[in-house]
Amino acid sequence: MFEALMIRQANGETTTRLEQLDPASLPQGDVTVAVAQSSLNYKDALAMTRGAPVVRHFPMIPGIDLAGRVLHSDDPVFRPGDQVLATGWGLGEKHWGGLAGMARLPGRWLLPHPAGLSGRQVMGIGTAGFTAMLCVMALEEGGLTPASGPIIVSGAGGGVGGMAVMLLAQLGYQVVAVTGRAQLQAYLTSLGAAGVLPREALAPTGKPLEKARWAGGIDVVGGEVLATMCASVTHGGTVAACGLAGGMTLPLTVAPFILRNVRLQGIDSVMCPRPRRMTAWARLARDIDPTRLDSMLHDAALAEVPDIAPRLLAGHIRGRTVVHLD
């Protein structure tokens with residue numbers, strides 16, 4: 001038997017409880033993993049508190065990230081004892097996820113544990129750091145370098161935004177962090193932000209073009225914030241967009257794209273192909289600052305997660321929460 005957080009829905013009510021499960025109840029897959037660490041993400045918190053539309057069918061174990069040790073494998077790539085990780089691919093949405101002592105999943109979803117990182121660090125990075133690295137890679141592929149000018153990052157108090165600030169600073173970029181929580185200024189500065197702006201700095205003015213201030217940007221909010229960011233980027237700049245907490249609509253004209261040659265690159269970390277995943281994780285293992293990473297992390301036991309989830313949604317948790325299952 002193993003412990004798992006289980007989301008169930010009955011009579012329109014969503015509940016999340018700690019349950020004891022038999023390994024025989026695990027879904028189909030090539031590889032069975034003893035999960036050592038997982039993490040608590042915004043999507044996980046939404047799933048546990050609201051169920052649908054994040055959860056596609058019930059019952060569901062949340063957890064879009066997991067790291068652990070292979071127990072059994074029908075995939076020739078992996079053998080019992082191998083240290084592995086998985087993020088995305090519908091974990092915690094369509095397939096039982098990582099907030100459990102065991103998981104069974106397709107081997108093609110798994111990656112080898114990156115050398116030089118502990119399990120805690122891997123899950124501290126998790127989907128948030130992986131997404132942030134994909135954003136950084138998109139800026140680089142758009143031609144940006146530290147010499148191009150300042151990079152703006154929205155939602156910097158959260159996991160993805162904080163990771164983006166830390167990675168960009170480590171790579172030598174001048175980073176300006178945007179947050180709605182003024183009390184996080186010292187924290188964001190410690191991650192490497194050269195400046196911290198309030199959320200209002202990206203408030204819409206209704207102009208098709210704003211003053212050109214940023215060589216590029218990483219947006220985790222969407223909506224009006226993303227529109228203002230695109231309108232504020234200098235000629236030839238790139239914006240990487242990976243979130244929608246501020247809404248799915250984009251109130252934007254074509255002016256930034258045809259008058260300033262701005263590139264808007266969408267980032268999908270869920271279905272990202274395996275070769276690009278391998279590249280991103282190799283970069284993370286090489287470029288992450290362990291000291292700054294550790295300053296972002298909080299630790300929790302599995303039983304504590306349901307109480308932490310609403311605090312995360314309310315913006316009361318900064319950085320990343322690592323959940324320990326071993």
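Surrounding CD of Glu13 are at most 12 heavy atoms belonging to other residues, nucleotides or ligands under 6.0 Å away. More than 12 non-hydrogen atoms from other residues, nucleotides or ligands lie less than 6.0 angstrom from CZ of Arg120. The number of heavy-atom neighbours closer than 6.0 Å to CZ of Arg199, taken from other residues, nucleotides and ligands shown, is 12 or below. Atom CZ of Arg286 is surrounded by more than 12 heavy atoms from other residues, nucleotides or ligands within 6.0 Å.
Within the 4.5 Å cutoff, side-chain heavy atoms of Thr279 are placed close to those of Met137. The closest side-chain heavy-atom distance from Leu117 to Ile125 is below 4.5 Å. Looking at Met163 and Leu168, their side chains never come closer than 4.5 Å, going by heavy atoms from C-beta outward. For the pair Met6/Ile61, a side-chain contact is recorded, criterion being any heavy-atom separation below 4.5 Å from C-beta on. No side-chain heavy atom of Met123 sits less than 4.5 Å from a side-chain heavy atom of Val323. Counting heavy atoms from C-beta on, the side chains of Ile151 and Val176 never come closer than 4.5 Å. Using a 4.5 Å heavy-atom threshold, the side chains of Val84 and His113 count as separate. Contact annotation: the side chain of Asp326 approaches that of Gln37 to within less than 4.5 Å [non-hydrogen atoms, C-beta and beyond].
Here Ser38 contributes atom OG and Leu66 contributes atom CG; the two are 6.5 Å apart, rounded to the nearest 0.5 Å. The OG1 atom of Thr145 sits 11.5 Å away from the CG atom of Leu171 when rounded to the nearest 0.5 Å. To the nearest 0.5 angstrom, Arg292 atom CZ is 10.5 Å from Leu167 atom CG. In this structure, Ile64 CD1 and Phe130 CZ are separated by 11.0 Å, a value rounded to the nearest 0.5 Å. Distance CE/Met48 to CG/Leu40: 5.0 Å, rounded to 0.5 Å. Distance check: Leu202 CG to Asp219 CG gives 8.0 Å after rounding to the nearest 0.5 Å.
Looking at Asp307, its side chain never comes within 3.5 Å of a backbone N or O of Glu304 through a donor-acceptor pair. Of the possible polar contacts, none joining the His324 side chain to the Asp299 backbone as a donor-acceptor pair under 3.5 Å is found. A distance-only check finds a donor-acceptor pair linking the side chain of Thr234 to the backbone of Trp214 [under 3.5 Å]. Side chain of Trp281 to backbone of Val122: no donor-acceptor contact under 3.5 angstrom is found. Although no hydrogens or angles enter the test, the distance criterion places no donor-acceptor pair under 3.5 Å between the side chain of Thr321 and the main chain of His298. Between the Gln185 side chain and the Ala182 main chain, no donor and acceptor come within less than 3.5 Å of each other. Of the possible donor and acceptor atoms, none in the side chain of Thr228 sits under 3.5 Å from a partner among the backbone N and O of Val225.
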Item to complete: Evaluate the criterion side-chain contact (heavy atoms from CB on, under 4.5 Å) for residue pair Ser295 and Leu191; output intermediate values, then yes/no.
Response: CA-CA 8 Å; Ser295 75; Leu191 294 183; 3.8 Å; yes
Worksheet entry | Evaluation steps, side-chain contact (heavy atoms from CB on, under 4.5 Å), between Ser232 and Lys211 | CA-CA 6 Å; Ser232 305; Lys211 179 181 178 181; over 6 Å; no
Fill in: Test side-chain contact (heavy atoms from CB on, under 4.5 Å) applied to Leu18 and Leu302, step by step
CA-CA 8 Å; Leu18 197 63; Leu302 186 62; 3.5 Å; yes
Item to complete: Let me see the working for Glu141 and Arg276 under salt bridge (charged side-chain N to carboxylate O under 4.0 Å, His left out), right down to the final yes or no.
Response: CA-CA 13 Å; Glu141 290 159 1; Arg276 192 162 180 83; 3.0 Å; yes
Item to complete: Could you go through the side-chain contact (heavy atoms from CB on, under 4.5 Å) check for Val55 and Glu93 one step at a time?
Response: CA-CA 4 Å; Val55 177; Glu93 302 175 70; over 6 Å; no
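Judged as a side-chain hydrogen bond (donor to acceptor under 3.5 Å, both in side chains), and not counting sequence neighbours, the contacts of Thr87 are Arg277. With sequence neighbours left out, the side-chain hydrogen bond (donor to acceptor under 3.5 Å, both in side chains) criterion links Glu210 to Thr205. With sequence neighbours excluded, the residues satisfying side chain to side chain contact (heavy atoms under 4.5 Å, CB included) with Ser39 are Asn41, Asp65, Arg320. Checked against side chain to side chain contact (heavy atoms under 4.5 Å, CB included), Ser190 has the following partners two or more places apart in sequence or in another chain: Tyr187. Remark: Arg8 engages Glu19 in a side-chain hydrogen bond (donor to acceptor under 3.5 Å, both in side chains) (not counting sequence neighbours). In terms of the side-chain hydrogen bond (donor to acceptor under 3.5 Å, both in side chains) criterion, residue partners of Arg283 (sequence neighbours excluded) are, by chain and number, Glu140, Asp287. In this structure Pro146 satisfies the side chain to side chain contact (heavy atoms under 4.5 Å, CB included) test together with Tyr173, sequence neighbours excluded. Arg263 meets the salt bridge (Lys or Arg N to Asp or Glu O under 4.0 Å) test with no other residue; sequence neighbours excluded.
Leu312 and Leu99 fall within a single hydrophobic cluster, where Ile, Leu, Val, Met, Phe, Trp and Tyr are joined by side-chain heavy atoms under 4.5 Å apart, directly or via other members. Cluster annotation: Met296 and Val196 are assigned to the same hydrophobic cluster (Ile/Leu/Val/Met/Phe/Trp/Tyr, side-chain heavy-atom contacts under 4.5 Å, transitive). Grouping the Ile, Leu, Val, Met, Phe, Trp and Tyr side chains by contacts below 4.5 angstrom, directly or via other members, places Phe2 with Val305. Leu184 and Ile308 are members of different hydrophobic clusters when ILVMFWY side chains are connected at heavy-atom separations under 4.5 Å. Hydrophobic clustering (ILVMFWY, side-chain heavy atoms < 4.5 Å, transitive): Ile7 and Leu91 are in one cluster.
Met1 belongs to no hydrophobic cluster, as no Ile, Leu, Val, Met, Phe, Trp or Tyr side chain comes under 4.5 Å of its own.
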Counting only pairs under 3.5 Å, give me each side-chain donor-acceptor contact of residues 23-33, with atom names and distances, residues two or more places apart or in other chains.
residue	atom	partner	partner atom	Å
Ser25	OG	Asp22	O	2.6
Asp30	OD2	Gly107	N	3.3
Thr32	OG1	Arg104	NE	3.1

Pairs of donor and acceptor atoms involving the side chains of residues 236-257, under 3.5 Å and at least two apart or interchain, shall be tabulated with distances.
residue	atom	partner	partner atom	Å
Thr253	OG1	Ala255	N	3.1

Distance-only donor-acceptor pairs under 3.5 Å for side chains of residues 67-74, two or more places apart:
residue	atom	partner	partner atom	Å
His72	NE2	Asp74	OD1	3.3
Ser73	OG	Asp75	N	3.1
Ser73	OG	Asp75	O	2.8
Ser73	OG	Phe78	O	2.9

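The aromatic rings of Trp89 and Trp109 sit parallel to each other, their planes meeting at less than 30°, with 60° as the upper class boundary.
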